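Notes to accompany the following structure.
These numbers were taken from a predicted model, which means no experiment stands behind them.
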Amino acid sequence: MPGSILIVDDVATNRIVLKAKLTGARYNTLQAASAAEALALAAAQRPGLILLDVTLPDMTGEGLIARLRADPRTRRIPIIAMTGRDTPELRVTLLQAGANEVLAKPFDELVLLARLRSLIRAHVGDEDSALREQTCRELGFAEAASDFVPLARIALIAPTPAEGLRWKSALAPLLTTNRILLTSYDQPCGDDPTRRAPDLFVIGADLAHRGDGLRLMSELRSHPETRHAAILIASHPDARETQASALDLGADDLLPAEMSTPLAAQEAALRIGAQLRRKRLSDQLRLSVDEGLRLALVDPLTGLHNRRYVNAHLSRMSDRARRTGHGYAVMLLDLDRFKSVNDTYGHGAGDEVLASIARHLRQSLRDLDLIGRIGGEEFLVALPDSSLVEGCRISERLRHEIAQSKITLPDGQMTQVTISIGLAFGGTRHDDPQHLIDEADAALLCAKGSGRNQVSLAQHTNAA
């Protein structure tokens, strides 16, 4: 069940306590008392995260993690390993097996919940990227992965130059295929503006002042050249509030501030390596998808997906909806009396109106929502994992915002347009996604016939 958390522990009391904590934080939970039960549940339900006690009666914790990572159905699910004996050796072993995090009992609830939010957020992004990759691959626009691994640039920003040197001395022997740079708060990317930005930053949580590292991370996330970089925050083990804040603000992982011991350095290198691999895959996918879409799957006027991509991606979205039980909404949006815009102002003005509507849709919707231009003045929006109530609310918001917006035409004149929207909801039925589009199209015709500038709900959806 996407978004749920699978609790794996052979002690019933531990499962009950964890379930109570997670339910209070508004998470759905599944429970398993053994490794065999955990493997079956994870493969069938596809949880959003697994909380796994490493002491199980039928399998070691590292063995179970390795089994989960070997199964294509579960290999991307985040895993937090729970242990009552938190030793450096065990942490390294579990991270090597594929755990995303190792937490010692009893838990610090603040850090646990922050780590859950961070890992689930990353998992949702990875799943959406995988879905887009599969769509492009089926259409023949995804290139095969290259065996070439470029030299990664790692920037270390420590509280003091001496501590930065200690970090570099500890990490360099373990990250030999990467270039490690010592940079600063003022020049986080180094002093050579001609070089590409670092792929990964390790930043001390507290630099010259308390919280400087978190502020720097927020700045890096806002700049185009560094927003896709991996960022790891180094902090002291007892700085629980700082760690939770770092994760909630977008840190990809946490590192110990003290990395001079061999095992601490090995743990840090494992975490850095995992984030570099994740970033490398994300970069490859982004480049592949961007190029494929630019060449064949994007409408050149608006920059939105064209009908070919929309049909293929809707098919994948429909398959996922049936598998997970989470439906999706489909909107068909059509500009009202668009011909009069072309007749009054010319076709150049009509193109600017279409491009303006496309920009508004991109700015107003989530990255994971599907937005396409499927006809002259007709657009399609699909909202995955959305309810009927959400679909109605978003449709009305878009209709109202566009009706209130003023569009500047190429000659400087201003105009306003309205849209009519047909809305259908489904995805869990065993039917073709084209049937859902047809329902939305019929609702759109109803909206047009009822006076335009309104949202109409598909008859089947309304009856449901």
Side-chain angles (χ1 to χ4, degrees), residues 3-5 7 18 21-22 24-27 47-52 76-83 86 91 94-95 98-129 154-159 188 199-207 210-222 226-259 264 267-279 282 367:
S4 62
I5 295 176
I7 302 169
L18 264 177
K21 289 180 183 292
L22 297 176
R26 296 185 294 278
Y27 289 107
L49 184 139
I50 299 173
L51 272 170
L52 185 157
R76 285 195 297 267
I77 299 175
I79 299 172
I80 294 179
M82 306 179 292
T83 174
D86 186 18
R91 294 177 68 84
L94 293 169
L95 290 170
N100 298 88
E101 181 57 287
V102 181
L103 293 180
K105 300 177 181 178
F107 303 119
D108 183 286
E109 190 170 343
L110 182 68
V111 175
L112 170 64
L113 294 178
R115 176 59 81 177
L116 290 177
R117 290 190 293 268
S118 175
L119 288 174
I120 290 174
R121 185 168 61 242
H123 179 55
V124 169
D126 290 344
E127 287 288 282
D128 183 61
S129 294
I154 300 172
L156 306 181
I157 305 174
D199 300 285
L200 181 144
F201 292 88
V202 175
I203 306 173
D206 301 319
L207 301 175
R210 183 176 177 84
D212 274 352
L214 304 192
R215 285 187 284 273
L216 176 58
M217 175 178 66
S218 297
E219 291 178 16
L220 293 171
R221 288 286 186 228
S222 70
T226 55
R227 65 191 177 102
H228 294 299
I231 301 178
L232 292 82
I233 296 296
S235 67
H236 294 284
D238 57 350
R240 301 305 187 187
E241 291 186 5
T242 297
Q243 292 174 359
S245 296
L247 291 169
D248 283 336
L249 286 171
D252 294 289
D253 207 344
L254 302 173
L255 296 180
E258 178 52 62
M259 305 180 207
E267 177 182 340
L270 285 169
R271 292 180 183 275
I272 289 171
Q275 292 302 325
L276 286 174
R277 287 190 296 273
R278 184 170 178 265
K279 181 184 184 299
S282 177
D367 289 342

Just by distance, do the side chain of [X] and the backbone of [Y] share a donor-acceptor pair under 3.5 Å?
X: D212; Y: D206; answer: no
X: R221; Y: H228; answer: no
X: H123; Y: R76; answer: yes
X: R91; Y: V102; answer: yes
X: Q243; Y: H236; answer: yes
X: R210; Y: L207; answer: no
X: S245; Y: E241; answer: yes
X: R115; Y: E101; answer: no

Stepwise side chain to side chain contact (heavy atoms under 4.5 Å, CB included) test for I79 and L94
CA-CA 10 Å; I79 299 172; L94 293 169; over 6 Å; no
Taking the side chain as every heavy atom from C-beta outward, state whether [X] and [Y] have any atom pair closer than 4.5 Å.
X: L18; Y: I5; result: no
X: R117; Y: L247; result: no
X: Y27; Y: I120; result: yes
X: M259; Y: V202; result: yes
X: L113; Y: L22; result: yes

Kindly compute the distance separating [atom1] ([X]) from [atom2] ([Y]), expressed to the nearest 0.5 Å.
X: L52; Y: I7; atom1: CG; atom2: CD1; answer: 11.5 Å
X: I80; Y: L103; atom1: CD1; atom2: CG; answer: 5.5 Å
X: T242; Y: L110; atom1: OG1; atom2: CG; answer: 10.0 Å
X: L232; Y: L254; atom1: CG; atom2: CG; answer: 8.0 Å
X: L220; Y: R227; atom1: CG; atom2: CZ; answer: 13.0 Å
X: L116; Y: L49; atom1: CG; atom2: CG; answer: 5.5 Å

Can you name the nearest heavy-atom pair linking [X] to [Y], along with the distance?
X: G48; Y: P78; answer: O-CD, 3.2 Å
X: N100; Y: D253; answer: O-OD2, 4.5 Å
X: Q275; Y: L200; answer: CB-CD1, 3.9 Å
X: S235; Y: A205; answer: CB-CB, 4.0 Å
X: A104; Y: D86; answer: CB-CB, 3.5 Å
X: K279; Y: A230; answer: CD-N, 4.0 Å

Testing T226, D252, I233 for side-chain contact (heavy atoms from CB on, under 4.5 Å) with F201, which one passes?
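Among T226, D252, I233, the one meeting side-chain contact (heavy atoms from CB on, under 4.5 Å) with F201 is T226.
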List for me each residue that meets side chain to side chain contact (heavy atoms under 4.5 Å, CB included) alongside E219, sequence neighbours excluded, and say none if there are none.
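Y185, L216.
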